[in-house]
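First comes the structure, then the notes that go with it.
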There are 2 protein chains.
Amino acid sequence: MTMSNTGGRRKPPTIHDVAREAGVSRGTVSRVLNGGHYVSPSAAEAVNAAIRRTGYVVNRHARSLITGRSDSVGFLLTEPQERFFEDPNFNVLLRGCTQALAAHDIPLLLMIAGTQAERRRIVRYITAGHVDGVLLVSSHSGDPVAEELRAAGVPLVACGKPIGLGSKVSYVAADDRDGARDLVRHLLGLGRRRVGVVTGPLDTPGGVERLAGYKEVLAEAGLGIDERLIVSGDYSRASGEAGAERLLAGAPDMDAVFVASDLMAQGVLAALHRAGRRVPQDVAVGGFDDSQAAVAASPGLTTIRQPWDRISSEMVRVLLAQVGGEDPATVILPTELVKRESA
Amino acid sequence: MTMSNTGGRRKPPTIHDVAREAGVSRGTVSRVLNGGHYVSPSAAEAVNAAIRRTGYVVNRHARSLITGRSDSVGFLLTEPQERFFEDPNFNVLLRGCTQALAAHDIPLLLMIAGTQAERRRIVRYITAGHVDGVLLVSSHSGDPVAEELRAAGVPLVACGKPIGLGSKVSYVAADDRDGARDLVRHLLGLGRRRVGVVTGPLDTPGGVERLAGYKEVLAEAGLGIDERLIVSGDYSRASGEAGAERLLAGAPDMDAVFVASDLMAQGVLAALHRAGRRVPQDVAVGGFDDSQAAVAASPGLTTIRQPWDRISSEMVRVLLAQVGGEDPATVILPTELVKRESA
DNA sequence: TTCTCTACTGTGAACGCTCACAGAGCAGCG
DNA sequence: CGCTGCTCTGTGAGCGTTCACAGTAGAGAA
């Protein structure tokens, strides 16, 4: 073993060493490395053997210097950090994206924009070309970061439909409206007639669409819309708790509630419990996401599953396609009703 | 504005352009960029003005190619993904590390090693020199990844003391034993005498140390160790729930319990509630971490705060020092008792 | 045979930066 | 006055790769 690496780091082999070892030229090694077209089988074999023998790994900096690509992508989170700390959905998404990118040998750079200064720094970093594209997680509308990146021509894929951005930005989302319809229909199917809703923030597509689904189903069932049965939250647990209290105050006869996120639903369960309402006997509760929060809740939360694994892999697919020169695209994925004890 | 960037991406200015614009040589621009030593004030000013005018940003690939550094670090998670999805501590740590690194303009590459294949891929990636160092989160002992990286001479800082690795590896940890002592003393101070414990995994330093602290305080209070009051979990919520059930079965007279993580404590609260025990009246409960889980629990969880912000900033500090050639170091940070309703 | 076409290979020139070196200018000192 | 030492500046080389180009060899067609 000539490459024994005990302790200090020594100079790694270059493409030149491999070429010499294989008895070919740099060009041939490079061709083998990049797809192997126009290389004779014997040369390819010799090169691959030399690579194994020397332990050669391509120097990405040298490659990037000439190709202009960085072969890395950014994962940009512009949510307030409290949400990131609280909501396990981010972790699932993050895991899914690293995994999908790993299949292409592309590292994920994590960028969290909390303060205004951080936003500026990150935008500068990205527009400088240090990443090939960006996976964006930022539900609120009018996010200046997204607009700046789009304007700078940086390939971009959002998680969830960005409100207020031109149609030229790619996004991948679950079918929020359809999911909400499924859940509310389920509640009505249980015989409930006074169904409340705790929406997400109404400047997010998730907030708007899930509320729309709720209203559609009530209408199709011939039930009117009672404004006292509608309150909105911000996806946080605490806002769910507060929302449930307002609902109970305004509509004490509520017998079911659709909550636009599992985390808020946890808060709703806590508030109902404190108010002495039994779940599901007195009030049936349905959530949205099917996150860890849904399993951890007691009773287990009936909810709408968002297909996070597919969302993340589609985000990566669409982003890489765009980096490769294809046009922006949007993907809507189906949801699924998951029944547990709460409804 | 010569650099208007409407739509497509154009060729960014190089150090050469800046030099020409400022009327100096490449070397001078480079010196300004790297600390500004041996540069006259007038030249520095001219260069900075030229940088602003051209919108120049250094090409990191070109720099890395020659310096041999990548100016990036990896954040490596070798926990099972379920823990990553469930435990908000990871998010806090991740946020803290990105933030601390951002101050040095160093991006964080997120690496999650779930499967064996992923581990191999990631180790190859790291040992190839694609990152300057690694922030390691992996509590279990005998982690082969850590050992491989250490052997390859990659700068490494672990979060929590790695068991079974030579003393040559840096780590940053909270004072687990002391924290456990504080909490158990608090429980005894409330007059409780039958104090149970749900430990962390006993192949992790956190698991071992927190249990040791528990035993120390019982001994100093003249209370014997009752094995029926000791069960161990794996930091997951579910294991807390199971642990509490075993405790109740083995020691029905238990009047307090120290749980080695907040997440497990949530499970303990659920189990106690199901068993009809009131918290804190019948059983006082104390956790460890002071994570979101502690606040979200009902009743609010009395717990030991781990100083995550300092842990992450120290990890980054120690890692960068090591990248700069300094020797490995270990840092132990003090914890703090946070009182809430559960005890 | 000769010419064309294809498959394959090697070579020089970048990519944008840092580093080492040499040299200029100037001050202080013997 | 010359020497030393300091601050400051420009220049050439080279980091490890890809890319464009030129060139060779062999197969098949004219």
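Just so you know, these numbers come straight off a predicted model, no measurement behind them. Chain naming here is simple, since letters A, B, ... match the order of the sequence lines and numbering starts at 1 in each.
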By side chain to side chain donor-acceptor pair (under 3.5 Å) - contacts of Asp105(B) (at least two apart):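 Asp105(B) satisfies side chain to side chain donor-acceptor pair (under 3.5 Å) with Arg121(A), Arg60(B) only.
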Sequence-distant partners of Thr14(A), side chain to side chain donor-acceptor pair (under 3.5 Å), two or more places apart: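 For Thr14(A), no residue satisfies side chain to side chain donor-acceptor pair (under 3.5 Å) once neighbours in sequence are set aside.
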Asp132(A) (side chain) donor-acceptor with Val323(A) (main chain) under 3.5 angstrom: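 Side chain of Asp132(A) to backbone of Val323(A), a donor-acceptor pair under 3.5 Å: no, none is there.
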Any donor-acceptor pair under 3.5 Å from Glu314(A) side chain to Arg310(A) backbone: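 No.
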Identified side chain to side chain contact (heavy atoms under 4.5 Å, CB included) counterpart of Asn91(B) within the set Asn91(A), Leu94(A), Ile112(A):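 Output: one option passes, namely Asn91(A).
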Test side chain to side chain contact (heavy atoms under 4.5 Å, CB included) applied to Arg317(A) and Val331(A), Val172(A), Val157(A), the passing residue: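 Only one of Val331(A), Val172(A), Val157(A) forms a side chain to side chain contact (heavy atoms under 4.5 Å, CB included) with Arg317(A), namely Val331(A).
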Residue met sooner reading DNA chain C from 5', once Arg26(A) and His61(B) are mapped to nucleotides: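 First, find each residue's nearest nucleotide; the 5'-ward one identifies Arg26(A).
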Comparing Thr67(B) and Gly27(A) on DNA chain C - which has the more 5′ nearest nucleotide: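 The residue mapped nearer the 5' terminus is Gly27(A).
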Nucleotides bounding contact with chain A, strand DNA chain C, heavy-atom threshold 4.0 Å: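 Answer, 5' to 3': dA7(C) to dG16(C).
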Covered region of DNA chain D, 5' end to 3' end, by chain B [heavy atoms, under 4.0 Å]: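 The protein-touched segment is dT7(D) to dG16(D).
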Rounded (10°) bend between the five-pair end axes of the helix from dT1(C)-dA30(D) to dG30(C)-dC1(D):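 The end axes of the helix from dT1(C)-dA30(D) to dG30(C)-dC1(D) are about 50° apart, to the nearest 10°.
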Pairs flagged by salt bridge (Lys or Arg N to Asp or Glu O under 4.0 Å) wherever residues 68-80 of chain B is involved - sequence neighbours left out: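 Listed once each, the pairs are Arg69(B)-Asp71(B), Glu79(B)-Arg83(B).
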Donor on one side chain, acceptor on other, Thr54(B) and Asp17(B), under 3.5 Å: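 Side-chain D/A pair, Thr54(B) to Asp17(B): absent.
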Short side-chain donor-acceptor distance under 3.5 Å, Ser312(A) and Gln99(A):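 No.
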Touch class at under 4.0 angstrom, heavy-atom based, for Arg60(A) against every strand present: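 Counting heavy atoms under 4.0 Å across all strands, no contact is made by Arg60(A).
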Distance in Å, Arg119(A) CZ paired with Leu76(A) CG, rounded so as to fall on 0.5 Å steps: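 The CG atom of Leu76(A) is 8.5 Å from CZ of Arg119(A), to the nearest 0.5 Å.
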First encountered from the 5' end of DNA chain D, between Leu65(B) and Ser42(B):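 By nearest-heavy-atom nucleotide position, the 5'-most residue is Ser42(B).
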